[in-house]
Amino acid sequence: MEQAQVYENVDLQIIKLLFNSDGSDYKVYAVRILNPHPELKMTLTQEITVTGDMGYYNRRAIITADLVYDDADSLRYRKPSYKVARLHFGLPKEPRRQWQLIDTLLVHQPTVLRRLHDYFADDAPILTIFSKDEIKTARIPGVGPATVQKIATAIRGKLEVAVLANHWGKALSSMTYEKIWLAYKDAELAMQHVDANPYILMQVAQLDFKKVDAFAKSRGVAPNDSHRLAAGLQYIFRTAVLTQGLTYITITWFKEQAATLLGVSTDDLTMFADPKQALAYGFLLNEQYDLVTSCDMFATEGSVARIMAVAQKTAEPLIKPAELDEKLDKFLDRHQLVINDQQRAAFQNVNQHGLSVLNGSAGTGKTWLTNLLVHFFNAQAKGKSVLLAPTGRAAKVLARYTHEPAATIHAYLHLLPGEELDRFDAEADWETFGDARLIIVDESSMLTTPLAYTVLKNVNFKKAHVLFVGDVFQLPPIGPGNFLKDCLADDHVAATTLTRVYRQDSQSGVLALANRIRDRLALPFGPDDDRYVSGNVALYNQRDAGRVFDAGIKAYQEALAKHGHQPDSQLLIVNKNIGATGRLRFNAELQALVNPARAGEPEYVSSYVDPVTNQKHHLRLNDRVMILKNDKHVALVDPKTWERRAVLGENGLQKTDEFGTKRWRETIMANGDTGVVAHIDPKRHFLVVQVGNQYCYYSFGSVPRALTLAYAITVHKAQGGQADTVIAIVNGADRMLNAQSFYTALTRTQSQFIFFGDFRVLLARTKIYPIDSRHDLLGSLLSGQLTVDTFSRFTFEQILTWLDHQRHQGIQPRAAITAAKPEAATQPFAVRYTEQLDILNQVVEKVTKLPVKKATGEG
DNA sequence: CAAACTGG
């Protein structure tokens with residue numbers, strides 16, 4: 001085999017970042033070569049691209065690398081491309097290169113730079129000088145001690161990253177070294193902590209378990225090392241249990257999976273034999289039913305169950321129940337409205353119960369009724385309602401419909417994704433929901449139990465009631481729990497289910513088919529039928545994926561020819577992004593057919609090649625696009641001149657309203673909104689997307705993260721949207737398909753539903769209801785089958801106390817970072833475990849002395 | 001495998 005030529009010690013200056021892959025360190029930079037090698041291929045301006053696992057570098061940064069020529073990438077970027085074989089850390093030795101580095105370091109302080117050049121000789125090793133302690137006492141004319149200190153610290157950072165890189169070698173990426181140094185700001189401390197427990201890197205450098213595990217293995221950590229087991233068991237529970245929607249699993253299954261996935265014998269998994277040890281690892285065992293769950297998940301589900309019980313006990317009616325009917329009738333008279341009995345029941349539920357649910361499928365008037373509820377209780381209950389939703393798009397729709405402010409749960413509660421337990425800038429005296437009397441959460445089918453918990457734990461049920469609105473037959477959340485279903489199954493939760501359909505013609509085929517699925521009846525056709533056509537539904541049996549694809553394209557073109565390029569006129573719904581009938585392939589093909597490139601017309605072309613499709617992204621005038629970001633702050637463009645004209649919206653908190661409730665800026669552009677490309681300016685590198693009647697500015701640089709083609713979309717993204725003609729596609733090997741996903745696609749239809757796919761697959765998969773197979777403990781806790789105090793060997797108070805203790809001790813890596821250096825260079829988990837056990841025993845002893853609350857019998 | 005959330 002031909003040996004690749006390595007070009008060593010090439011100094012490169014970063015020009016720009018061309019491609020940045022999320023979730024990995026793979027980057028593509030355009031760079032300038034500072035010390036040209038005679039054999040290197042390069043452009044006239046000495047430019048090349050470099051690719052590989054690198055840290056993030058700012059423009060003008062200088063790096064030193066060994067390079068290997070990369071023929072394939074050279075075709076992609078129209079420049080000779082090189083792979084980074086090795087990065088050299090630390091300070092360059094030659095004075096000339098040291099000066100180059102300090103030039104880039106001080107690019108924004110030209111005066112300081114000039115004074116350094118004046119004071120030091122050109123052949124002085126400037127970085128080496130600044131890395132010595134003596135620099136503190138040096139007197140450089142015109143450069144103050146604070147500035148000297150700043151430069152020295154920056155250089156020390158570079159040196160310390162080099163120390164880390166030297167210590168661990170190629171086992172970790174340069175990005176990781178930078179993150180570790182930033183976390184500890186002390187190389188020695190970092191090495192001690194990471195060597196003692198490599199798995200701490202999962203938090204420190206946001207690496208996943210598999211990456212850290214490979215690193216730990218290369219460092220000689222044994223497969224049955226306690227740190228490894230602790231991290232590995234949590235990882236398996238998160239990836240194999242919680243993402244399936246489950247919140248617990250059988251001990252037997254978990255033990256077997258853990259042994260297989262971690263490559264250890266079941267004898268090594270000692271936590272399963274000892275409830276106390278399991279607790280130290282963060283798990284709870286229920287030996288009676290052979291169940292195991294994580295402490296965190298149990299605390300969440302248990303807290304939700306408790307809060308729901310409290311809600312029912314402490315809530316007082318918003319207005320006097322005796323007056324409700326009279327006031328409601330007056331309200332309806334004044335607005336000339338009529339409601340049915342189901343809808344009236346919803347008013348009574350909301351008025352009387354701390355927690356209630358409004359359930360109903362598409363077209364039953366949920367949104368219409370929600371609007372009435374908001375305005376009725378706003379007028380009658382002396383305190384404005386707070387409107388929330390799990391997604392930006394749902395919040396936007398709710399705000400538009402009610403003409404009241406609505407926000408995402410995260411935006412309203414000041415939560416950062418992934419850190420929902422704490423507000424990022426909590427004000428001590430801020431009562432979350434102010435004097436609000438009613439909190440409405442729309443699209444509640446998308447709520448995981450942890451997200452429902454973040455809402456519920458902030459509610460004072462003496463003041464306010466909560467209403468969850470949703471359609472339990474839509475897609476369940478991607479994440480643990482089945483919150484809406486559990487609410488509906490619980491006798492104590494006041495639920496209204498709307499069944500009368502107003503939107504669809506009751507004779508329509510779509511409605512009939514949707515009802516069959518809801519009622520769990522067999523679909524009205526066989527696996528070998530050619531087609532099923534009834535009313536506005538047409539399903540075609542097609543087994544070959546290639547033909548399914550072609551049929552979908554053809555149906556879309558026909559719908560387009562009939563109805564034109566109107567928003568919401570036609571929509572192609574798929575189950576997956578990638579694959580032969582995936583979203584990306586459909587969009588590429590539909591764009592080429594529906595909106596092909598025309599000579600002389602401006603185009604947006606991405607500067608990189610999409611690693612999934614192996615193509616560059618193109619956007620042209622009139623392309624249908626979907627917006628992927630929630631924005632409360634949007635630059636608008638004048639559609640006559642295409643000049644930027646105004647900025648709509650502001651970030652952050654609005655003023656307190658007359659009821660003392662904090663109000664929030666609305667989401668102007670939401671993830672999931674669709675629009676049309678209205679203008680492209682290739683010279684000034686921006687394009688304009690028309691969404692509704694607004695023209696929004698997107699710089700070319702923001703396009704990859706902000707926009708995607710929207711001819712075809714996944715069924716998840718289609719939730720909450722409607723189209724006249726819906727074309728649904730099912731691939732023979734579609735594991736995403738189930739009754740709820742098909743139901744969701746079906747109920748997006750306003751006039752015509754067309755389906756292409758294998759009837760055998762459709763018939764088999766629509767027998768699967770995710771709602772049935774998602775097991776959680778919340779349902780059992782609400783029904784009284786389980787109680788929080790008797791699920792495991794520990795009472796709920798003991799579990800919460802233990803979690804609280806763990807959060808404040810060095811077990812959590814974030815706390816470990818701020819903690820003092822460990823006494824010994826390595827501190828095995830076994831040693832720590834006995835300490836933990838002592839503390840655990842103290843905790844258990846202490847809390848058992850507290851008055852024990854019984855589950856029942858207090859009232 | 002599917003997706004949601006934010007701030008600077």
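So you know, we letter chains A, B, ... as the sequences are listed, proteins then strands, and number each from 1.
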To the nearest angstrom, how far is [X] atom [atom1] from [N] atom [atom2]?
{"X": "A/H716", "N": "B/dA4", "atom1": "NE2", "atom2": "P", "result": "9 Å"}
{"X": "A/L737", "N": "B/dA2", "atom1": "CG", "atom2": "C1'", "result": "13 Å"}
{"X": "A/K629", "N": "B/dA4", "atom1": "NZ", "atom2": "P", "result": "14 Å"}
{"X": "A/I768", "N": "B/dC1", "atom1": "CD1", "atom2": "P", "result": "18 Å"}
{"X": "A/R705", "N": "B/dT6", "atom1": "CZ", "atom2": "P", "result": "16 Å"}
{"X": "A/I478", "N": "B/dC5", "atom1": "CD1", "atom2": "P", "result": "12 Å"}
{"X": "A/K396", "N": "B/dA4", "atom1": "NZ", "atom2": "C1'", "result": "17 Å"}
{"X": "A/D631", "N": "B/dA4", "atom1": "CG", "atom2": "C1'", "result": "16 Å"}

| query | Within the structure shown, what part of the strands sits under 4.0 Å from A/G479 by heavy-atom distance: base, sugar-phosphate, or nothing? | reply |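 If one applies the 4.0 Å heavy-atom cut-off, A/G479 turns out to touch nothing in the nucleic acid.
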| message | Just to be sure I understand the rule, does A/Q244 reach a base, reach only the sugar-phosphate, or reach nothing, if contact means heavy atoms closer than 4.0 Å? | response |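 The residue A/Q244 makes base contact.
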[X] side-chain proximity, nearest of [options]:
{"X": "A/K576", "options": "B/dT6, B/dA3, B/dC1", "value": "B/dC1"}
{"X": "A/P417", "options": "B/dA2, B/dC5, B/dA4", "value": "B/dC5"}
{"X": "A/K717", "options": "B/dA2, B/dA4, B/dT6", "value": "B/dA4"}
{"X": "A/H410", "options": "B/dA3, B/dC5, B/dG7", "value": "B/dC5"}

| So, A/K210 and A/D208, do they make that salt bridge, N to O below 4.0 Å? |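 A/D208 and A/K210: not salt-bridged.
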Is [X] near enough to [N] that one of its side-chain N or O atoms lies under 4.0 angstrom from OP1 or OP2?
{"X": "A/N575", "N": "B/dC1", "answer": "no"}
{"X": "A/N671", "N": "B/dA3", "answer": "no"}
{"X": "A/S741", "N": "B/dA2", "answer": "no"}

| message | For A/I771, is there any backbone N or O sitting under 3.5 Å from a side-chain donor or acceptor partner on A/K485? | response |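 Indeed, once roles are kept as given, a pair shorter than 3.5 Å links the two residues.
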| request: Describe, in one word, how the ring planes of A/F755 and A/F753 are oriented to each other, choosing from parallel (under 30°), tilted (30 to 60°) and perpendicular (over 60°). | output: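 Plane angle under 30°, so parallel.
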| query | Pairs in or reaching into residues 238-247 of chain A: which pass side-chain hydrogen bond (donor to acceptor under 3.5 Å, both in side chains), with residues at least two apart or in two chains? | reply |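 Found A/T247-A/E301.
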| request: Tell me which of A/T391 and A/N577 sits closer to the 5' end of DNA chain B, going by the nucleotide each one is nearest to. | output: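 Upstream on the strand: A/N577.
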| query | Of A/V715 and A/T408, whose closest DNA chain B nucleotide lies nearer the 5' terminus? | reply |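 Result: A/V715.
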| request: Report the residues that fulfil ring-ring contact (aromatic ring centres under 6.0 Å, His included) with A/F468, sequence neighbours left out, ordered by chain and then residue number. | output: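 So A/F468 forms a ring-ring contact (aromatic ring centres under 6.0 Å, His included) with A/F483.
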